[in-house]
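Quick notes on the structure that follows.
Start at 1 and go down the list; that is how both ligands and their atoms are numbered.
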Amino acid sequence: MSAPPIEETALPARLAVLVSGAGTNLQALLDACADPAYGATVAVVGADRDGIEALVRAERAGVPTFSLRVSDFPDRAAWDQAFADEVAKYEPTLVVSAGFMKLAGAAFLDRFGDRYINTHPALLPSFPGMHGARDALDYGVKVTGCTVFIVDAGVDTGPIIGQAVVDVRDDDDESSLHERIKDVERQLLVDVVGRMARDGWQVSGRKVHLR
Ligand code: GAR
């Protein structure tokens, strides 16, 4: 699997950013995209719920948004299909899960699986799932961090693009640790997305090479 050849990829790259919460990673991308040299623009922000700060951030930046709730569809597959259709309207170069608390289904992966990345608050393959920071803290590890990876059909199992390390402190609770992780996570995500947008990427098996 590889990105389109650079010469065929029009810059700025179009990002679809998927969110479920505070949206500080989204904000970091919006801020980075304000510089034309970054090479990307946020084309749409999609959410699985209403009333979240991330959507306010997108609206403040003048970025189109949509929100589709699973409970408004007959089943998960119908929601997944509708979500994929909505994202596709914006013709994204890259789809970025940034605190999006839903697993993509078959329809979404069929459409975007070659260009769908996620960020996770732990050093995968350790501590996948919904509570990466809490699970690392409970386990007693001395270092943890964050991982940006290409999404596949598993739970946080896809090929790893980039990672950054954070020390765990004796007095950390879940909140303090997660906030320190998010400080480095935002930088990592901005760096990885910018490099993918500007230069492209290649995947061989589990190895991802940024060009
Ligand atoms: C981030 O730490 C992200 O890695 C995590 O949610 C946070 C969102 O923060 N995602 C997951 O745990 C997904 N399994 P934000 O809304 O402030 O960007």
> Closest non-hydrogen protein atom to atom 7 (C) of ligand 1, residue and atom name please, with distance?
Replying inline: H178 NE2, 3.9 Å

> Looking at F108 and V87, what are the two nearest heavy atoms and their distance?
Replying inline: CE1-CG2, 3.9 Å

> Which option, K182, H120, M101, owns the non-hydrogen atom nearest atom 10 (N) of ligand 1?
Replying inline: M101

> Which atoms of ligand 1 have any heavy atom of A22 under 4.0 Å away?
Replying inline: 16 (O), 17 (O)

> Which atoms from ligand 1 have a heavy atom of T119 less than 4.0 Å away?
Replying inline: 3 (C), 4 (O), 10 (N)

> Of all the non-hydrogen atoms in the protein, which one sits nearest to atom 12 (O) of ligand 1, and at what distance?
Replying inline: P121 CD, 3.3 Å

>> Would you compute the distance between atom CD of E174 and atom CD of E179 and round it to the nearest 0.5 angstrom?
In response: 10.5 Å

>> Please confirm whether the ring centroid of F149 lies under 6.0 Å from the ring centroid of Y116.
In response: no

> Just how far is it from atom CH2 of W201 to atom NE2 of H209, taken to the nearest 0.5 Å?
Replying inline: 14.5 Å

>> Pairs of nitrogen or oxygen atoms closer than 3.5 Å, one from F100 and one from ligand 1: do any exist?
In response: no

> Does V63 belong to the same Ile/Leu/Val/Met/Phe/Trp/Tyr cluster as F66, with side-chain heavy atoms less than 4.5 Å apart forming each link?
Replying inline: no

> Counting heavy atoms only, which of H131, E185, R186, R57 is nearest atom 1 (C) of ligand 1?
Replying inline: E185

> Between D80 (side chain) and A107 (backbone), is there a donor-acceptor pair under 3.5 Å?
Replying inline: yes

>> Measuring from atom 16 (O) of ligand 1, which candidate in G21, G23, S20, G99 has the nearest non-hydrogen atom?
In response: G23

> What protein heavy atom sits nearest atom 14 (N) of ligand 1, and how far off is it?
Replying inline: G129 O, 3.2 Å

> Which one of T24, D31, N25 satisfies the side-chain hydrogen bond (donor to acceptor under 3.5 Å, both in side chains) criterion with Q27?
Replying inline: D31

